[in-house]
Structures are given as structure tokens and as C-alpha cells.
K.L.:
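Below: one structure in C-alpha cells.
Just so it is clear, the model here is predicted, and its values are computed rather than measured. Naming convention: chains lettered A, B, ... in sequence-line order (proteins, then strands); numbering from 1 in each chain.
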Protein chains: 2
Amino acid sequence: MNLELMQSKCVEVSAIMKAIAHPQRLMLMCHLAEGEKNVSELLDLCEISQSQLSQFLNRMQREKLLKVRRDGNFSYYSIADKNITKLIQSMQKIFCKEE
Amino acid sequence: MNLELMQSKCVEVSAIMKAIAHPQRLMLMCHLAEGEKNVSELLDLCEISQSQLSQFLNRMQREKLLKVRRDGNFSYYSIADKNITKLIQSMQKIFCKEE
DNA sequence: TTGTAATATCGTAATATCAATAACCAAGGA
DNA sequence: TCCTTGGTTATTGATATTACGATATTACAA
């Protein structure tokens, strides 16, 4: 792999890292790695205020990590790209393996 | 996996993410994933000023991502934990596979 | 003394965090 | 229709953290 390509990949991937690099945002991503969830499900799963949850989901959507599907009153969020799901899953494999 | 354990893992892992979440720091980690390198080797490999390189290496060492071995004038940096090497490698596998 | 390797500090600009609060909108009574 | 509620989004402001160039410093070898 040449250096130029490597650098452009690093720009792209570090932006994803940055969007995930927060305890609660990572937690959200871990839950979403298991499949689509709506906002109140996420609110129950994570200890987080509604306002922050909304901000975090919004931010990760803006940065193309998440996509939304609206159904009546509910917004269902899911991971936008299967590479990101893979990333979360390998992080779980590496850091959360049972001892 | 219970929620409490999951949360504490997320705190730990998101701190690692945060330390890596920068184009040039990620680039450094990718080079270091191949093995120990000294500072001038890294300076040649990455387009980065000496002052920033020093700051970045220092920061990632402080946050336990890197370790240093000094040999005369040279400081050799390497990744401090094999889980972090694994993480970098799986990121490379996911995002840098050749098409 | 000059060059190489590395570290430390400073100041400014840019970002991020987070709580509080307001706004929006659709559905369901009264 | 008006009013309320539930679910969600947007805005603001105070505070903290980062980024990064400039500059100074330490250490040692040729």
C-alpha cells in the first residue's frame, strides 16, 4: 500500500474513530451493532440524558455512521455502513472477550 | 455481557479511540503496527512537523498506547499492548483491503 | 562548534462537552 | 377545533480540551 493512499485512508478512518471516541457514543454503537433501535430503546439502554442522546445520534448521522428510518413518532437508528459494524464487532472481540 | 461491564469497557476503549482519532496519529500507529521505529524513521514516514510528532508520541505514550526504548540518542517507539496492535490490524483489514 | 535527536512551553484558534431550554410535530382526547 | 402529551430536534452558553506553529532547551556525537 502506497503512502498517499494510506494517508487518505487515515483521514477517512480517523474521522470515524473521532465520532466513536466517546464512552456513551461507543456504547450506542455497540447496541446498534446488534441491529436497528429506536430512540427510546436507546435511552433505556444507556445512562444518558435525552438531550445528549439526541445530539449524539444527530452527530453520528451527520458523519455518516448512522442512518435513520422514521416510522410515525419513532425514529429508528441503525449503522450506515457494514464496515463500521465490522469495526465495532472486532473491537468487541478484542477488548470484551470473556476470561 | 452485562451493562455495567459494558460501560466500563466503553470508557476504557473510547479513551484508546480518542488517542488514535487523528489522521497523523492513526498513520503513526499504522507504521508502528509493523514494529518498533525510532523518531526520525517516523518523521520520514509521516508528513508532520518534528514538534507535533514529539507531542503526539508523547501523548500516546502517556495514554499507554506506546512504549519507548531509549538507545543512545535514539528513542524507539512501539505499541504497548498487543490488543492495540490487533485493533490497528483489524482496522487495516476492514478499511484498507485491496479492491 | 555544528548537527542530530528529542523534549518542553506558550499563545491562539478551533472543537467538544453538557445542561438547560425552547421548538416542532403528530396522535388522541375533551 | 383546541389542548395536551410523547417523541424528537435545535439553540444557547459556559467550560474544558485539542491542535499546532513558534520558539527554547537539553543532550550528545562528530
K.L.:
Can you find a side chain N or O atom of A:Arg70 that sits less than 4.0 Å from OP1 or OP2 on D:dT8?
P.N.:
no
K.L.:
Among C:dA16, C:dC10, C:dA6, find the nucleotide with the atom closest to the side chain of B:Gln55.
P.N.:
C:dC10
K.L.:
Distance check needed: D:dG21 P versus B:Ile48 CD1, whole Å only.
P.N.:
9 Å
K.L.:
Nearest to the side chain of B:His22, heavy atoms from C-beta on, is which of D:dC20, D:dT8, C:dA26?
P.N.:
D:dC20
K.L.:
Is a side-chain donor or acceptor of A:Ser54 paired with a backbone partner of A:Ser51 at a separation under 3.5 angstrom?
P.N.:
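Not a single qualifying donor-acceptor pair exists.
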K.L.:
Would you mind reading off the distance between A:Asp44 atom CG and D:dT8 atom P, rounded to a whole angstrom?
P.N.:
11 Å
K.L.:
Measure from CZ on A:Phe56 to C1' on D:dA10 and round the result to the nearest Å.
P.N.:
16 Å
K.L.:
Grab the CG-P distance between A:Leu57 and D:dG7 for me, whole Å please.
P.N.:
15 Å
K.L.:
Rounded off to whole Å, could you give me the CG-to-C1' distance for the B:Asn73 and D:dA30 pair?
P.N.:
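Nearest whole value for this atom pair: 11 Å.
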K.L.:
Looking at A:Asn58, I'd like to know whether one of its side-chain N or O atoms comes within less than 4.0 Å of OP1 or OP2 on D:dA10.
P.N.:
yes
K.L.:
Tell me: CZ of B:Arg69 to C1' of C:dA5, nearest whole Å?
P.N.:
15 Å
K.L.:
Just to be sure I understand the rule, does B:Tyr76 reach a base, reach only the sugar-phosphate, or reach nothing, if contact means heavy atoms closer than 4.0 Å?
P.N.:
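No contact.
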K.L.:
Using a 4.0 Å heavy-atom cut-off across all strands, classify A:Ser51 as base, sugar-phosphate, or nothing.
P.N.:
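The answer is base, as A:Ser51 lies within the cut-off (heavy atoms under 4.0 Å) of a base atom.
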K.L.:
Is a side-chain N or O of B:Ser40 found less than 3.5 angstrom from the main chain of B:Leu43, in a donor-acceptor match?
P.N.:
no
K.L.:
Think B:Lys18 has a side-chain N or O under 4.0 angstrom from the OP1 or OP2 of D:dT18?
P.N.:
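B:Lys18 to D:dT18 OP1/OP2: side-chain N or O found under 4.0 Å.
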K.L.:
Taking all non-hydrogen atoms of both residues into account, name the closest pair between A:Glu63 and A:Ala19 and its distance.
P.N.:
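Heavy atoms only, the tightest pair is OE1-CB, 3.5 Å.
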K.L.:
So if I take every side-chain heavy atom of A:Arg59 and compare against D:dG7, D:dC20, C:dT17, which nucleotide ends up nearest?
P.N.:
C:dT17
K.L.:
Calculate the interatomic distance between B:Gln24 atom CD and D:dA19 atom C1'; express it in whole Å.
P.N.:
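Rounding to the nearest Å, CD of B:Gln24 and C1' of D:dA19 are 10 Å apart.
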K.L.:
Return yes if some donor-acceptor pair links the side-chain N/O of B:Lys9 with the main-chain N/O of A:Phe95 below 3.5 Å, else return no.
P.N.:
yes
K.L.:
Please check: side-chain N/O of A:Asp71 versus main-chain N/O of A:Phe74, any donor-acceptor pairing under 3.5 Å?
P.N.:
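No.
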K.L.:
Applying a 4.0 Å non-hydrogen cut-off, can you work out what A:Ser54 is touching in the nucleic acid: base, sugar-phosphate, or nothing?
P.N.:
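A:Ser54: base contact, heavy atoms under 4.0 Å.
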K.L.:
Go through C:dA5, C:dT17, D:dG21 for me and flag the one nearest to the A:Arg25 side chain.
P.N.:
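For A:Arg25, the side-chain atoms sit closest to C:dT17.
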K.L.:
Round to the nearest Å and state the distance from B:Gln52 atom CD to C:dC10 atom P.
P.N.:
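Checked: the CD to P distance equals 18 Å.
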